[in-house]
Amino acid sequence: VPVLLSMLVLVFEMRDQLKANLPETRMQLYEMAIRGAIAKTLNKNQKENKDQNEADIQRAKQMLLRVAVANMEDKQRREFNANHVREVLEQFPDERQWWDRLQHDGELPLIKVLTEGDAYEKAEFQFAHLSFQEALFALHLEATAASWSGWDTDDAAAHFMSNPSHENTCRIGGDELGSALGQRRPSWDLSSA
């Protein structure tokens, strides 16, 4: 798959900066590639302060994660606009300002601009590849598995698993996501769902 090969090349390229071993799972590959792509985009103009760079990378990742999760939870939206981003980041003004600045500078990592516009116009976006959005959603689900409402009941779990638009999220999440969600309840009965 070309996107996986591209990500692996990026991980090799950024290996010193990522300070990590090679990925062992698909989810680790996505996580490392996402971090690498963010670092590569942000570090174009900022090489002097490594602590600030790391803080910016984490802030950008969190900002992208919020947008990806909102897109996946809102009818698995592929394309989104500036108004949607403002709504998602409304409670996080620092991240909203960060998005606006990166958009203005043409440096939104992992985001493809479909329709140009400033932060107050109706610019339209999508993730550079849908699998980045799905991977960020998988990372979110793994991190919040103990409290995620989409897995509260057998019916909710069956609905999630039978939704074709979650198929790649589950594939990317693999064993890590399956283990996190599988430990949610001591017993399961999906026969009636």
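In what follows, every heavy atom counts, from backbone to side chain, and hydrogens, waters and symmetry copies are set aside.
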Ignoring hydrogens and geometry, is there a side-chain-to-backbone donor-acceptor pair from Gln28 to Glu24 under 3.5 Å? yes
To the nearest 0.5 Å, what is the distance between OG1 (Thr25) and CG (Leu177)? 11.0 Å
Would you tabulate the side-chain donor-acceptor contacts of residues 129-136 under 3.5 Å, counting partners in other chains and residues two or more places apart, or write 'none'?
residue	atom	partner	partner atom	Å
His129	ND1	Ser131	N	3.1
His129	ND1	Ser131	OG	2.7
Ser131	OG	Tyr30	OH	2.9
Gln133	OE1	Asn71	ND2	3.1
Gln133	NE2	Arg77	O	2.9
Glu134	OE1	Asn168	ND2	2.6

Check this for me: does any side-chain nitrogen of one of Lys61 and Glu31 sit under 4.0 Å from a carboxylate oxygen of the other? yes
List for me each residue that meets ring-ring contact (aromatic ring centres under 6.0 Å, His included) alongside Trp148, sequence neighbours excluded, and say none if there are none. Phe160
Between Ser165 and Asn163, is there a side-chain donor-acceptor contact under 3.5 Å, judged purely by atom types and distance? yes
Using modelled atom types and a 3.5 Å cut-off, is there a donor and acceptor pairing between side-chain atoms of Ser179 and backbone atoms of Glu176? no
State plainly whether the residues Glu95 and Arg66 are in salt-bridge range, i.e. N to O under 4.0 Å. yes
With sequence neighbours left out, what residues match Arg78 under salt bridge (Lys or Arg N to Asp or Glu O under 4.0 Å)? none
Is Thr144 reaching over with its side chain to a backbone N or O of Ser147, donor-acceptor style, under 3.5 angstrom? no
Quick test of your reading of the model: are Asp152 and Arg184 salt-bridged, counting only N-O distances below 4.0 Å? yes
If I compare all heavy atoms of Ala37 with all of Leu110, which pair ends up nearest, and what's the gap? CB-CD2, 3.6 Å
Could you check whether any side-chain heavy atom of Met161 comes within less than 4.5 Å of a side-chain heavy atom of Trp151, counting everything from C-beta outward? yes
Straight-line distance of Leu29 CG to Ile172 CD1, nearest 0.5 Å: 9.5 Å
Nearest non-hydrogen partners of Leu181 and Leu141, listed with the distance: CD2-O, 4.5 Å
Side chains of Val88 and Val69 in contact at under 4.5 Å (non-hydrogen atoms): no
Using every non-hydrogen atom in the two residues, find where Gln103 and Ala123 come nearest and quote the distance to one decimal. NE2-CB, 3.4 Å
Any side-chain heavy atom of Asn81 sitting closer than 4.5 Å to one from Phe125? no
Nearest 0.5 Å, please: how far is CD1 in Ile57 from CD in Gln62? 14.5 Å
Rounded to the nearest 0.5 angstrom, the CZ-CE distance for Arg26 and Met7 is 8.0 Å
Non-hydrogen atoms of Ser149 and Ala156 that approach each other most closely: O-CB, 4.3 Å
Atom CG in Asn53, atom CD1 in Ile38: separation rounded to 0.5 Å? 13.0 Å
Does Gln76 form a side chain to side chain contact (heavy atoms under 4.5 Å, CB included) with His166? I'd like the steps, not just the answer. CA-CA 8 Å; Gln76 293 75 49; His166 292 145; 3.1 Å; yes
Look up atom OG1 in Thr41 and atom CG in Leu108, then write down how far apart they are to the nearest 0.5 Å. 9.0 Å
Trace of the salt bridge (charged side-chain N to carboxylate O under 4.0 Å, His left out) decision for Glu124 with Lys112: CA-CA 9 Å; Glu124 294 181 324; Lys112 183 187 308 182; over 6 Å; no
Indicate, with yes or no, if the rings of Trp99 and Phe92 have centres closer together than 6.0 Å. no
So do Met27 and Arg171 actually touch side chain to side chain, heavy atoms under 4.5 Å? no
Identify the heavy atoms of Ala68 and Phe127 that sit nearest to each other, and give their distance. CB-CZ, 3.8 Å
Output, in order, the C-alpha distance, side-chain angles, deciding distance and verdict of side chain to side chain contact (heavy atoms under 4.5 Å, CB included) for Ile111 and Leu102. CA-CA 10 Å; Ile111 299 294; Leu102 292 174; over 6 Å; no
Side chain proximity check, Asp94 to Gln97, heavy atoms < 4.5 angstrom: yes
So Gln126 and Leu114, do their side chains get closer than 4.5 Å, heavy atoms only? yes
Does Asp105 use its side chain to pair, donor to acceptor, with the backbone of Glu107 at less than 3.5 Å? no
